[in-house]
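Along the sequence shown, residues carry numbers from 1. Just so you know, ligand 1 is whichever comes first in the structure, and atom 1 is the first atom listed for that ligand.
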Amino acid sequence: MKIFNTKQEIKAYLTSKKEENISIGFVPTMGALHEGHLSLIKKAKKKNDITVVSIFVNPTQFDNPEDLVKYPKTIENDIKLLETVSCDVLFFPSVKEIYDDNIASEKFDFDGLEHQMEGKFRDGHFDGVGTIVKSFFEIIEPNRAYFGQKDFQQLQIIKKMVKKHRLNVKIKGCPIFREEDGLAMSSRNTRLTKEHRIAAPFIYKTLKKARKKFGTENAIKVTEWVTKQFKKHPLLDLEYFTIAEEKSLKTIKNKEFNNKYRAFIAVFAGEIRLIDNIRLKNH
Ligand code: PAF
């Protein structure tokens, strides 16, 4: 695997590859890699001649400074994992290399997608995500880029950015990877205390029950039921639960036939904020 730390070096390398008409798959990450990331890399490898992974803990997308400082950093292990899946290129730049001395976001208009859910609770988060992903697309110029559906809102926002800015890259959304007990894989899971780690699968269990209830009840009733379940839980604090349309991410009250919905959730397990979502059936 080739490792580059500067824009100039990776650009020079990929430009020489593009001259050979080679397709590039890109998987942006913040490191602390797990099976979920590896599944994205495996997908990229199947469809593209070269797969590039970036590891960069992007400061502009953190609304909580402590979360940024404590975000797990495991570069040596990450490199070993990348080698197990035969990743071709790792881009591992410093903050200075990307932002120089101006650690700030560009302002984006994602047609309202940014004001829903995570956008309400994480100020400036999606401007930070848009800034870094757009910048990586400009450096790497991938043919396809891969994102997990755990961050479903992020995925929709990136698709919107690509469309609005007419970027020449195909965005591929990939299924959520889960631990055996159902907890959605996340780099932040390693920061859970033992107690909270044991409690956390309750999130997905509740999502599955909510999906079942949505078969016979309206969105308001299901939301009330979920809220109640978390009120009773001694270790998990619900930040939000909402049933929304997949396309607009707007909360719904009643379902319409032929529309696609998902339930979205954010929960604090002690200091650690976990998110998850589930596709719903609308009949
Ligand atoms: O999903 C993530 O890990 C990050 O938001 C991303 C897409 C790598 C941008 O920093």
Side-chain angles (χ1 to χ4, degrees), residues 7 10 24-41 43-44 51-65 67-75 78 81-82 87 89-95 97-99 103-106 108 110 113-114 116-119 121-140 142 144-162 165 167 169-177 184-191 249 264 266 272-277:
K7 297 185 248 188
I10 192 165
I24 298 175
F26 175 45
V27 183
T29 81
M30 299 206 296
L33 302 179
H34 50 66
E35 275 300 317
H37 295 115
L38 300 187
S39 76
L40 302 180
I41 299 166
K43 276 230 163 91
T51 295
V52 178
V53 171
S54 62
I55 294 183
F56 182 68
V57 182
N58 173 34
T60 62
Q61 71 185 76
F62 284 79
D63 57 317
N64 173 351
D67 191 28
L68 171 60
V69 173
K70 292 193 175 161
Y71 198 85
K73 292 161 194 94
T74 57
I75 187 66
D78 289 348
L81 284 175
L82 290 174
C87 171
V89 176
L90 167 62
F91 184 41
F92 180 48
S94 65
V95 172
E97 176 67 16
I98 297 297
Y99 287 104
I103 305 180
S105 302
E106 207 180 302
F108 288 90
F110 298 118
L113 292 178
E114 72 275 31
Q116 309 299 328
M117 304 184 296
E118 292 297 282
F121 292 92
R122 303 187 68 190
D123 199 24
H125 172 67
F126 289 118
D127 280 336
V129 171
T131 302
I132 193 62
V133 172
K134 188 159 154 279
S135 158
F136 282 156
F137 284 173
E138 282 157 8
I139 298 166
I140 292 159
R144 299 178 192 84
Y146 296 78
F147 294 83
Q149 288 180 338
K150 185 174 79 70
D151 298 294
F152 191 84
Q153 186 172 12
Q154 167 173 280
L155 171 65
Q156 298 297 68
I157 278 178
I158 303 288
K159 282 184 182 166
K160 178 70 78 179
M161 179 177 80
V162 164
H165 292 253
L167 306 178
V169 50
K170 283 211 171 66
I171 303 302
K172 304 282 179 189
C174 306
I176 300 175
F177 257 63
M185 286 191 188
S186 162
S187 306
R188 288 188 178 85
N189 291 353
T190 57
R191 292 190 52 216
L249 300 180
F264 296 88
I272 311 305
R273 188 174 182 277
L274 301 172
I275 61 169
D276 202 347
N277 68 80

(request) Assess the side chains of Y99 and T60: does a donor N or O sit below 3.5 Å from an acceptor N or O? (result) yes
(message) Is any side-chain heavy atom of D78 closer than 4.5 Å to one of F92?
(response) no
(message) I need the nearest protein heavy-atom contact for atom 3 (O) of ligand 1: residue, atom name and distance, please.
(response) M30 CG, 3.6 Å
(request) Give the ring-plane orientation class for F152 versus F264, where under 30° counts as parallel, over 60° as perpendicular and anything between as tilted. (result) tilted
(message) Quick check on contacts: which atoms of ligand 1 are under 4.0 angstrom from a heavy atom of P28?
(response) 8 (C)
(message) Please report whether ligand 1 has a polar contact with Q154, defined as an N or O pair separated by less than 3.5 Å (distance criterion only).
(response) yes
(message) I want to know if ligand 1 touches Q61 in the polar sense, i.e. an N/O pair below 3.5 angstrom.
(response) yes
(request) Would you please test T74 and T190 for side-chain contact (heavy atoms from CB on, under 4.5 Å) and show each step? (result) CA-CA 11 Å; T74 57; T190 57; over 6 Å; no
(request) Under 4.0 Å from a heavy atom of I132: give me the atoms of ligand 1 that qualify, with their elements. (result) 9 (C), 10 (O)
(message) Side chains of F108 and I157, heavy atoms from C-beta outward: is any pair under 4.5 Å?
(response) no
